[in-house]
A.B. asks: 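For reference, the structure I am asking about is given below.
Just so it is clear, the values below take in all heavy atoms, side chains as well, and ignore hydrogens, waters and symmetry mates. The structure presented is a predicted model; accordingly, all values stated were derived computationally and were not measured.
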Amino acid sequence: MNSTETLKRTDGWADPSLVIKLRSALAALFFTVLLVSFRPFNVGQAGTSGQSGVIGQPTGDVVNQLGFGSLGAMALFAILTLVNSRRIVALLSPWWLTLFALAFFSAAHALDPSSSYRALVFTLICILGMVSVLALAPDGESYQKTFVLASVAVLCLSYAGLVLIPDIAMHNAFSSEPEHAGLWRGIYSHKIVAGPVMAGISFMGIYVLRRGSYLIGSAIMLAGL
């Protein structure tokens with residue numbers, strides 16, 4: 001006889017194996033979107049709040065505002081309907097509430113409160129998206145697939161950009177920072193955004209490699225480096 005303590009909210013209306021696959025797919029989708037963004041190769045506001053990617057802020061950009069707003073809503077819905085309540089409780093902490101309270105207090109006293117609030121809301125959406133990735137992926141195999149999909153998407157787009165649209169995928173001498181000419185930025189607005197993302201991708205490659213997928217793991221690690 002099964003214990004009611006082991007039941008998930010999805011039990012009774014869906015095949016458990018299908019739910020696991022759905023959770024894995026959503027984790028991979030959310031993580032890929034967070035890394036690629038809805039506006040890759042958007043360098044019109046390089047180095048400002050318009051930069052694309054997980055580090056950038058979609059200020060004043062309708063596509064990013066609608067896209068990331070929808071992503072946040074989907075992530076919240078997925079967490080509430082597909083994740084075991086005990087896992088959600090484990091992610092909650094009074095320290096998070098303290099951090100967010102201080103962040104909103106700081107935004108309220110900023111020189112430009114409206115821009116600060118937009119940046120803060122975007123940050124909260126990204127945090128919610130990452131929480132959904134961590135909560136939805138059921139096991140190490142799912143994390144591996146999530147990392148592979150997101151990494152390959154970023155790397156393929158970035159390297160393709162270097163070949164097909166090098167004036168956008170790398171810094172050029174006609175920008176406000178001509179000293180960076182020739183340095184790669186891939187799908188991101190600036191090398192300082194691309195750098196930490198690629199470092200993270202390299203670590204993902206190591207994770208995949210350590211799990212036994214030597215070929216794809218090594219390829220991701222080296223391409224990120």
Side-chain angles (χ1 to χ4, degrees), residues 5-10 19-20 22-38 48-61 64-147 149-151 154 188 192-193 195-201 203-204 207:
E5 293 181 354
T6 64
L7 292 177
K8 300 182 178 63
R9 270 166 283 183
T10 52
V19 172
I20 293 296
L22 177 60
R23 287 172 55 183
S24 299
L26 287 175
L29 173 64
F30 292 160
F31 192 46
T32 301
V33 171
L34 285 171
L35 283 184
V36 175
S37 87
F38 293 93
T48 71
S49 60
Q51 59 196 13
S52 63
V54 69
I55 299 178
Q57 302 166 3
T59 304
D61 189 318
N64 268 326
Q65 289 174 348
L66 292 176
F68 281 103
S70 300
L71 178 69
M74 290 175 59
L76 181 60
F77 180 78
I79 291 173
L80 294 178
T81 57
L82 297 175
V83 178
N84 189 296
S85 58
R86 286 177 295 180
R87 176 173 286 197
I88 298 176
V89 172
L91 291 171
L92 297 178
S93 167
W95 295 111
W96 282 109
L97 299 178
T98 302
L99 175 64
F100 295 148
L102 290 173
F104 275 102
F105 177 81
S106 178
H109 292 81
L111 294 176
D112 186 356
S114 61
S115 295
S116 297
Y117 278 126
R118 282 199 300 269
L120 181 56
V121 169
F122 175 71
T123 300
L124 293 177
I125 290 175
C126 286
I127 292 174
L128 179 62
M130 283 308 306
V131 167
S132 71
V133 172
L134 296 173
L136 286 169
D139 50 34
E141 183 69 22
S142 180
Y143 281 122
Q144 177 177 335
K145 292 178 180 178
T146 296
F147 291 161
L149 178 62
S151 299
V154 172
Y188 300 103
I192 63 172
V193 181
V197 173
M198 293 300 168
I201 285 177
F203 283 113
M204 292 182 217
Y207 177 83

A.B. asks: Is the backbone of Gly129 close enough, under 3.5 Å, to the side chain of Ser132 for a donor and an acceptor to pair up by distance?
C.D. replies: yes
A.B. asks: If you compare all heavy atoms of Pro138 against all heavy atoms of Ile20, which two are closest, and at what distance to 0.1 Å?
C.D. replies: CG-CG2, 3.8 Å
A.B. asks: To the nearest 0.5 Å, tell me how far Cys126 SG sits from Phe68 CZ.
C.D. replies: 5.5 Å
A.B. asks: Please name the pair of heavy atoms, one in Leu134 and one in Arg87, separated by the smallest distance, quoted to 0.1 Å.
C.D. replies: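 Where Leu134 meets Arg87 most closely, the heavy atoms are O-NH1, 3.8 Å.
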A.B. asks: Are more than 12 heavy atoms from other residues, nucleotides or ligands located less than 6.0 Å from atom CZ of Phe77?
C.D. replies: no
A.B. asks: To the nearest 0.5 Å, tell me how far Leu71 CG sits from Leu128 CG.
C.D. replies: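 Rounded to the nearest 0.5 Å, the CG-CG separation comes out at 8.0 Å.
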A.B. asks: Go through it in stages, so that I can follow the logic: the residues are Ile125 and Val121, the test is side-chain contact (heavy atoms from CB on, under 4.5 Å), and I'd like the CA-CA distance, side-chain angles, deciding distance and then a yes or no.
C.D. replies: CA-CA 6 Å; Ile125 290 175; Val121 169; 4.1 Å; yes
A.B. asks: Could you report the tightest heavy-atom contact between Pro196 and Ile192, atom names first, then the distance?
C.D. replies: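 In terms of heavy atoms, the two residues are closest at CD-O, 3.0 Å.
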A.B. asks: For Pro113 and Ala108, work out which heavy atoms get closest and say how close.
C.D. replies: CG-O, 4.2 Å
A.B. asks: Roughly how far, to the nearest 0.5 Å, is the OG atom of Ser151 from the CE atom of Met198?
C.D. replies: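 Between atom CE of Met198 and atom OG of Ser151 there are 9.0 Å.
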A.B. asks: Using 0.5 Å steps for rounding, measure from the CG atom of Leu136 to the OG1 atom of Thr146.
C.D. replies: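 Here the interatomic distance stands at 9.0 Å.
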A.B. asks: Are Tyr188 and Leu35 close enough that some pair of their side-chain heavy atoms sits under 4.5 Å apart?
C.D. replies: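 Counting from C-beta outward, Tyr188 and Leu35 do come under 4.5 Å.
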A.B. asks: Taking all non-hydrogen atoms of both residues, which atom of Asp139 and which atom of Ser142 are closest, and how far apart?
C.D. replies: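 Closest approach of Asp139 to Ser142, heavy atoms only: OD1-N, 2.8 Å.
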A.B. asks: Within a radius of less than 6.0 Å around CZ of Phe203, do more than 12 heavy atoms belonging to other residues, nucleotides or ligands occur?
C.D. replies: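 Incorrect, the count does not exceed 12.
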A.B. asks: Between atom CG of Leu26 and atom CZ of Phe30, what is the distance when rounded to the nearest 0.5 Å?
C.D. replies: 4.5 Å
A.B. asks: Got Ser116 and Ser106 here, is their nearest side-chain heavy-atom distance under 4.5 Å?
C.D. replies: no
A.B. asks: Angle between ring planes, Tyr207 versus Phe147, binned at 30° and 60°: parallel, tilted or perpendicular?
C.D. replies: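 Perpendicular: the ring planes of Tyr207 and Phe147 meet at over 60°.
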A.B. asks: Should Met130 and Phe31 be marked as a side-chain contact (heavy atoms from CB on, under 4.5 Å) after you check the CA-CA gap, both sets of side-chain angles, and the distance that decides it?
C.D. replies: CA-CA 7 Å; Met130 283 308 306; Phe31 192 46; 3.7 Å; yes
A.B. asks: Less than 4.5 Å apart, side chain to side chain, heavy atoms only: is that true for Tyr143 and Met204?
C.D. replies: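 Not touching, per the 4.5 Å side-chain cut-off.
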A.B. asks: What's the verdict on side-chain contact (heavy atoms from CB on, under 4.5 Å) for Trp96 and Val131, showing C-alpha distance, side-chain angles and the deciding distance?
C.D. replies: CA-CA 12 Å; Trp96 282 109; Val131 167; 5.9 Å; no
A.B. asks: So, taking the atom named CG in Leu120 and the one named CD1 in Ile127, what distance separates them when rounded to the nearest 0.5 Å?
C.D. replies: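 CD1 of Ile127 is found 8.0 Å from CG of Leu120.
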A.B. asks: Using only atom types and a distance under 3.5 Å, with no angle test, would you say the side chain of Thr98 pairs donor to acceptor with the backbone of Pro94?
C.D. replies: yes
